[in-house]
Each structure stands twice: as structure tokens, then as C-alpha cells.
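Report on the structure given below.
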Amino acid sequence: MNSRGSDSEALAPEPELVNLDPATTAVVRGVVPMAELLNFFDASFGALARIIDEQGITLLSPAFGLCHGSPGETLDLEVGFVTDRAVRPEAGVAVGSLPGGRVARLTHRGSFDGLGSSWERLHSWMRAQGLSAGEDRWEFYVTRPSPDMDPRDLRTELNWPVA
């Protein structure tokens with residue numbers, strides 16, 4: 001491991017267990033080839049912004065991506081926001097939910113390229129604690145990315161329910 005990787009590991013917070021209430025969400029769902037993820041996110045967040053604004057819904061969270069099952073050549077994915085009430089389904093936007101209960105959480109610091117290693121770190125921590133990982137997991141994109149930002153400033157909250 002290079003020193004840069006070691007530095008980011010040293011600065012990364014420790015995983016923790018939290019108890020969450022279930023949450024209502026507005027989402028776009030799809031089974032997406034890995035090469036099309038960026039386009040799916042862009043199109044989905046465009047539709048979500050329009051429908052949420054038109055319906056006067058209040059956002060209660062940053063954007064998230066919820067993965068169903070394990071990623072492979074495709075990803076079964078929901079992207080959206082926690083909302084104050086259910087959205088009226090329209091233009092591919094649907095009502096969804098995030099589960100309540102015990103969740104292992106880790107904040108990833110840095111570019112999205114490093115998310116895989118942070119998910120592996122969280123999974124290893126869960127195993128070391130004797131916890132079984134649920135099939136679904138999600139990321140909250142705490143820092144909204146922009147083209148002119150330093151990717152090291154990105155923060156992504158990883159959440160993995162305990163089975």
C-alpha cells in the first residue's frame with residue numbers, strides 16, 4: 001500500500017453501529033450496467049428534482065444510492081432522497097423506503113473511486129464484530145460533487161443493515 005492510501009486510512013473514522021427508523025423515499029429504480037451508472041444517476045436526479053419540486057415535497061436527506069444484492073456486471077439500484085411524505089409516482093419516480101433497525105455505518109472520505117475499498121473495510125469490520133450483513137446497502141452522498149471541487153473533499157456515508 002502506498003503512503004497516500006495509508007494516510008487516507010489513518011484519517012478515516014471507525015465504523016459504528018446505529019439504530020435507524022424506517023424512512024420514506026422518492027426514488028428511480030433500475031438494473032444498470034456498471035458502465036452506465038453515471039448516466040443513470042444524472043438522468044434519475046434530473047427527474048427526481050423536477051417531480052419533487054412540482055409536488056412540493058421536502059427533502060430530508062442528501063441524495064442516496066441503494067443497492068439491492070451484490071454488484072456484478074449490473075447493479076440493481078435505487079437512487080433518490082428521503083422525503084417528508086410519499087411522492088405521487090410519475091415519470092419513473094416512485095415511492096421507496098430505507099429500512100429501519102441496526103445498521104453498520106462508515107463515512108468514506110475522498111473520491112468515489114475508493115468506495116469499493118471502504119465497503120470492504122465496513123464488511124470486514126462487521127465480520128470482526130460477529131455481525132451478518134444484510135443483502136441491501138446504501139450510500140448517502142453527504143458532499144454534493146461539483147466539477148471544480150477537490151475529490152478529497154467528498155464525503156459518502158456507507159450504511160449496511162445488520163441481518
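In this text the structure is predicted, and so the values were computed from the model without any measurement. Residue numbers start at 1 and run along the sequence shown.
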Point-to-point distance, once rounded to the nearest 0.5 Å, from OG of Ser61 to CZ of Phe140: 4.5 Å
Spacing of OG belonging to Ser117 relative to CG belonging to Leu122, to within rounding of 0.5 Å: 11.5 Å
Side-chain heavy-atom pair Leu17, Trp125 within 4.5 angstrom cut-off: yes
Least distance between heavy atoms, Met126 atom then Ala133 atom: CE-CA, 3.6 Å
Closest non-hydrogen atom pair between Ala91 and Arg50, with its separation: CB-NH2, 3.4 Å
Pairwise distance CG(Asn159) to CZ(Arg137) - rounded to 0.5 angstrom: 11.5 Å
Asp76 bridged to Arg29 by N-O distance under 4.0 Å: yes
For the student: nearest non-hydrogen atoms of Val79 and Leu48, plus distance: O-CD1, 3.5 Å
His108 versus Ser118, side-chain donor and acceptor atoms under 3.5 Å: yes
Approximate separation, where rounding is to 0.5 Å, of Leu60 CG and Thr83 OG1: 6.5 Å
Short side-chain to backbone donor-acceptor contact, Ser44 and Phe41, under 3.5 Å: no
Heavy-atom neighbours of Arg155 CZ exceed 12 at 6.0 Å: yes
Asp150 CG: over 12 foreign heavy atoms closer than 6.0 Å: yes
Under 3.5 Å donor-acceptor, Trp160 side chain and Gly134 backbone: yes
Heavy-atom pair of closest approach, residues Val93 and Val28: CG2-CG2, 4.0 Å
Glu14 bridged to Arg121 by N-O distance under 4.0 Å: yes
Joint cluster assignment, Phe64 & Ile52, ILVMFWY side-chain distance < 4.5 Å: no
Asp84 side chain vs Thr58 backbone, donor-acceptor pair below 3.5 Å: yes
Min side-chain heavy-atom separation Leu154-Val142 under 4.5 Å: no
Donor-acceptor pair between Glu139 and Trp119 side chains, under 3.5 angstrom: yes
Chi angles and distances behind the side chain to side chain contact (heavy atoms under 4.5 Å, CB included) call for Val32, Thr74: CA-CA 5 Å; Val32 185; Thr74 61; over 6 Å; no
Step-by-step ring pair (Phe, Tyr, Trp, His ring centres under 6.0 Å) determination, Phe45 to Phe40: CA-CA 8 Å; Phe45 286 126; Phe40 179 76; 8.7 Å; no
Beyond-backbone contact of Leu66 with Val27, side-chain heavy atoms, under 4.5 angstrom: no
Exam field: side chain Glu90 to backbone Ile51, donor-acceptor pair closer than 3.5 Å: no
Sub-4.5 Å side-chain heavy-atom contact between Arg85 and Thr24: no
No-hydrogen, no-angle side-chain donor-acceptor test under 3.5 Å, Arg102 and Asn19: no
Min side-chain heavy-atom separation Val103-Trp138 under 4.5 Å: yes
Spatial distance of atom CG (Leu20) from atom CZ (Arg105) [nearest 0.5 Å]: 5.0 Å
Point-to-point distance, once rounded to the nearest 0.5 Å, from CG of Leu77 to CD of Glu36: 13.0 Å
Side-chain (Thr25) to main-chain (Ser97) donor-acceptor, under 3.5 angstrom: yes
Test item: Leu75 and Met34 side chains (from C-beta on) under 4.5 Å apart, heavy atoms: yes
Stepwise side chain to side chain contact (heavy atoms under 4.5 Å, CB included) test for Ser132 and Val162: CA-CA 6 Å; Ser132 297; Val162 175; 5.6 Å; no
Modelled atom types, side-chain donor and acceptor of His68 and Glu135, under 3.5 Å: no
Side-chain touch Asp113/Leu115, heavy atoms, less than 4.5 angstrom: no
Minimum side-chain heavy-atom gap Met149-Thr143 below 4.5 Å: yes
